[in-house]
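FYI, side chains are in, hydrogens and waters are out, and symmetry mates aren't considered; it's all heavy atoms of this structure.
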Amino acid sequence: MTELRAADWHIGADGETYPPEPWYLGGTLLVSTFLVPTRELPARVADSVRDAAVRPVTVGGRAVVGAAFVRYTSGGVLSYDELIGSVLVRRGASIMATIPDIWVDSPQSRTGGRELWSIPKHLGDFRRESSGRRVAASMTMDGAPVAALDATIGRASLPGSIGIPLTTAQALDGRRVVSRNRLFPRVRTLNATWTFAPDGPLGHLHGRRPAVSVALTDASIVFGAHVVRSGQNSHPRNR
């Protein structure tokens, strides 16, 4: 890792260094989906979808909105905690995700996510406790609560590690980026109870129950293997 950083890592506009794409990561994703009437999506979320030149996938007039706590563990190019708020979208027949809300506790991930893939990462403060299959996670931003999760991961998993495609479509600072990524996790059930601050950035999920929850454990993740960029500032800077 030291040799890679010295020779190949990018220097961000803010002076932070980060790995070149693709990022090889490992970890656990605790994911829930919610069905939210499209008229109840915040304007900035709708704007993020429109700016990425995609349209929400809807079920009976409701958008499919995701929330996930992720812990990327040692062994990948970076290790950090992450909270994601996403929207399932489509471009023609292609199904993708747009991420209007995301926080990490790694400055390297924040800068790299913004400059490589136009993912609008911010820094947050994370707490996580686990005991056996029970996980409690929470995130605050500038001291204000944003989201918390109390979850129990199922014992059994589907046999083997399956490949799950994940394409992100993003727009940030005048640049659109489509990144085709892939996850190779063990898929387990998840009993998830979420709490969202009603006046926070994920307040549109306050009081809603998940439609589906799943734990993706022991995951290997390849992010940014196939990327298409358009607009200004299309290429990050090397040392």
Side-chain angles (χ1 to χ4, degrees), residues 18-19 21-34 64-88 96-114 116-130 133-141 145-154 157 161-168 170 179 181-196 200-202 205 210 212-225:
Y18 58 89
E21 62 189 15
W23 287 7
Y24 295 94
L25 302 162
T28 297
L29 301 83
L30 306 178
V31 185
S32 292
T33 59
F34 302 80
V64 182
V65 178
F69 271 105
V70 185
R71 169 157 283 185
Y72 300 105
T73 52
S74 59
V77 294
L78 293 172
S79 57
Y80 57 96
D81 281 305
E82 183 172 72
L83 171 63
I84 304 172
S86 63
V87 182
L88 192 67
M96 310 177 181
T98 291
I99 302 171
D101 298 300
I102 182 169
W103 299 266
V104 297
D105 61 359
S106 163
Q108 294 167 328
S109 176
R110 174 201 58 189
T111 302
R114 285 175 166 268
L116 289 172
W117 309 301
S118 291
I119 298 175
K121 295 186 178 184
H122 298 275
L123 292 179
D125 296 311
F126 289 78
R127 296 189 64 181
R128 187 180 179 111
E129 298 178 356
S130 59
R133 295 180 292 113
R134 184 80 174 267
V135 178
S138 62
M139 202 282 293
T140 61
M141 182 175 61
V146 173
L149 172 64
D150 188 355
T152 302
I153 300 172
S157 68
S161 179
I162 65 173
I164 300 175
L166 172 63
T167 300
T168 55
Q170 301 291 139
S179 177
N181 320 294
R182 203 160 187 90
L183 290 74
F184 299 89
R186 292 188 178 276
V187 180
R188 303 176 187 271
T189 59
L190 184 70
N191 185 350
T193 300
W194 287 86
T195 304
F196 299 99
L202 298 180
L205 299 179
V212 177
S213 297
V214 64
L216 306 177
T217 65
D218 305 311
S220 296
I221 303 157
V222 183
F223 206 101

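The closest side-chain heavy-atom distance from Ser130 to Val135 is below 4.5 Å. In this structure the side chain of Val70 reaches within 4.5 angstrom of the side chain of Ile84, judged on heavy atoms. Annotation: side chain of Trp103 is in contact with side chain of Pro201 (closest heavy-atom distance under 4.5 Å). Looking at Trp23 and Leu116, their side chains come closer than 4.5 Å, going by heavy atoms from C-beta outward. Looking only at side-chain heavy atoms (C-beta outward), Leu216 and Thr28 stay at 4.5 Å or farther from each other. Between Thr217 and Pro185, the closest side-chain pair of non-hydrogen atoms is not below 4.5 Å. Using a 4.5 Å heavy-atom cutoff, the side chains of Asn181 and Val222 are not in contact. In this structure, the side chains of Gln170 and Arg114 stay at 4.5 Å or more apart for every pair of heavy atoms.
Looking at residues two or more places apart in sequence or on another chain, you find a side chain to side chain contact (heavy atoms under 4.5 Å, CB included) between Thr152 and Arg133, Arg134, Asn191. With sequence neighbours excluded, the residues satisfying ring-ring contact (aromatic ring centres under 6.0 Å, His included) with Phe196 are Phe34, Trp194. Taking the side chain to side chain contact (heavy atoms under 4.5 Å, CB included) definition, one finds that Arg71 meets it with Thr73, Asp81, Arg128, sequence neighbours left out.
Residues Lys121 and Ser109 approach most closely at NZ-OG, 2.8 Å, considering heavy atoms. Contact detail for Met141 and Leu123: the closest heavy-atom pair is CG-O, 4.1 Å. Nearest heavy-atom pair across Ala192 and Ser213 is CB-OG, 3.7 Å. Here the shortest heavy-atom pairing between Gly224 and Glu21 reads O-CB, 3.7 Å.
Side chain to side chain, Arg127 and Ser138 fail the donor-acceptor criterion of an N or O pair below 3.5 Å. Between the side chains of Tyr72 and Ser79, not a single donor N or O lies within less than 3.5 Å of an accepting N or O.
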Exercise for review: For the pair Ile221 and Tyr24, evaluate side chain to side chain contact (heavy atoms under 4.5 Å, CB included) and give the outcome as yes or no after the intermediate values.
Suggested key: CA-CA 6 Å; Ile221 303 157; Tyr24 295 94; over 6 Å; no

Point to revise | Verdict with supporting geometry, Thr168 and Met96, side chain to side chain contact (heavy atoms under 4.5 Å, CB included) | key: CA-CA 6 Å; Thr168 55; Met96 310 177 181; over 6 Å; no

**Study point:** Worked check of side chain to side chain contact (heavy atoms under 4.5 Å, CB included) between Leu183 and Leu29
**Key:** CA-CA 10 Å; Leu183 290 74; Leu29 301 83; 3.8 Å; yes

Exercise for review: Mind running side chain to side chain contact (heavy atoms under 4.5 Å, CB included) on Leu30 and Leu190 for me, showing each step along the way?
Suggested key: CA-CA 8 Å; Leu30 306 178; Leu190 184 70; 4.0 Å; yes

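Annotation: the span from Ile102 atom CD1 to Arg110 atom CZ amounts to 13.0 Å, rounded to 0.5 Å. The CZ atom of Phe184 sits 10.5 Å away from the CD1 atom of Ile162 when rounded to the nearest 0.5 Å. Once rounded to the nearest 0.5 Å, the distance linking OG of Ser32 with CG of Leu149 reads 6.5 Å. Atom OG of residue Ser220 and atom CZ of residue Arg182 lie 12.5 Å apart, to the nearest 0.5 angstrom. If you take OG on Ser179 and CD1 on Ile119, they are separated by 7.0 Å, rounding to the nearest 0.5 Å. Distance check: Phe126 CZ to Thr140 OG1 gives 9.0 Å after rounding to the nearest 0.5 Å.
Remark: of the listed residues Leu202, Asp125, Asp101, Leu202 is the sole one forming a side chain to side chain contact (heavy atoms under 4.5 Å, CB included) with Val146.
For Trp117 and Phe223, the ring centers are positioned less than 6.0 Å apart.
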